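Please read the structure below before turning to the comments.
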Amino acid sequence: MRCPPNDEKRMYVTLTSILLRSPWQFFTLSNHGRKIFGQTQKAKGFVKMKNSGWWKLHFTMSAWDSAEAIKDFARSGAHLEAMKQSAKLSTQIRIYTYETENLPSWDEAKLLLEEKGKVLNFPA
């Protein structure tokens with residue numbers, strides 16, 4: 001994974017939480033994640049990506065060198081295909097993007113998603 005030359009460089013971080021419909025959906029999520037990770041490695045402006053989660057609740061954190069790079073990535077390739085499956089895969093997705101100098105801890109990321117995240121609900 002590519003990292004910024006130093007910790008003082010500003011970057012754009014996108015945080016996402018995904019609440020799966022069932023723990024069995026983890027296998028589908030993992031397959032999408034594998035393809036998305038491959039896409040990030042070729043994406044212009046990509047800095048770093050992390051993920052975490054258990055059972056039905058999963059999180060991603062990605063860093064980019066510009067807001068435009070995030071938009072270009074999100075609207076193309078494997079990521080776009082995964083977004084099209086969101087309603088089948090999950091009951092809720094939260095997304096929050098902001099500019100910062102450092103990646104947050106997972107505790108900070110979860111709090112930011114809870115307090116500031118845009119919520120997308122997909123009823124049964």
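Here the structure is a predicted model, which is why all the values come from computation and not from measurement.
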Lys110 to Phe59, cation-pi by 6.0 Å centre distance and 45° axis angle: yes
Thr40 side chain to Phe37 backbone, donor-acceptor under 3.5 Å: yes
Spacing of Ser90 atom OG and Leu29 atom CG [to the nearest 0.5 Å]: 9.0 Å
Gap between atom CG of Leu111 and atom CD of Glu114 - 0.5 Å precision: 8.0 Å
Salt bridge (charged side-chain N to carboxylate O under 4.0 Å, His left out): pairs with one or both residues in residues 75-88, sequence neighbours excluded: Glu81-Lys84
Min side-chain heavy-atom separation Asn121-Thr91 under 4.5 Å: no
Heavy-atom closest contact (Ala69 atom, Lys44 atom, distance): CB-O, 3.4 Å
Gap separating the CD1 atom of Ile93 from the OG1 atom of Thr16, nearest 0.5 angstrom: 8.0 Å
Linked, directly or transitively: Leu120 and Tyr96 (ILVMFWY side chains, under 4.5 Å): no
side-chain contact (heavy atoms from CB on, under 4.5 Å) partner of Arg94, the single match among Leu15, Leu113, Leu19: Leu113
From NE2 (His32) to OG (Ser86), nearest 0.5 Å: 8.0 Å
Hydrophobic cluster identity match, Phe26 and Ile18, side-chain contacts under 4.5 Å: yes
Test item: Leu57 and Leu20 side chains (from C-beta on) under 4.5 Å apart, heavy atoms: no
pair Lys48-Leu103: side-chain heavy atoms closer than 4.5 Å: yes
Exam field: side chain Gln39 to backbone Phe73, donor-acceptor pair closer than 3.5 Å: yes
Same apolar cluster: Met61 and Val119, side chain cutoff 4.5 Å: no
Tyr12 versus Ile70, closest heavy-atom pair with distance: CB-CD1, 3.5 Å
Under 3.5 Å side-chain donor-acceptor pair for Trp64 and Ser62: yes
Evaluation steps, side-chain contact (heavy atoms from CB on, under 4.5 Å), between Lys50 and Trp106: CA-CA 10 Å; Lys50 294 177 162 184; Trp106 280 115; 3.7 Å; yes
Atom pair CD1/CD of Ile36 and Gln41 - distance to nearest 0.5 Å: 12.5 Å
Closest approach of Met83 to Ala74 (non-hydrogen atoms, all atoms of both residues): CE-O, 3.4 Å
Contacts of Glu115 that satisfy salt bridge (charged side-chain N to carboxylate O under 4.0 Å, His left out) - sequence neighbours left out: none
Check: Phe122 main-chain N/O paired with Arg21 side-chain donor or acceptor under 3.5 Å: yes
Donor-acceptor contact present, side-chain Glu108 to main-chain Ser105, <3.5 Å: yes
Atom of Trp55, atom of His58 and distance for their closest heavy-atom approach: O-NE2, 3.0 Å
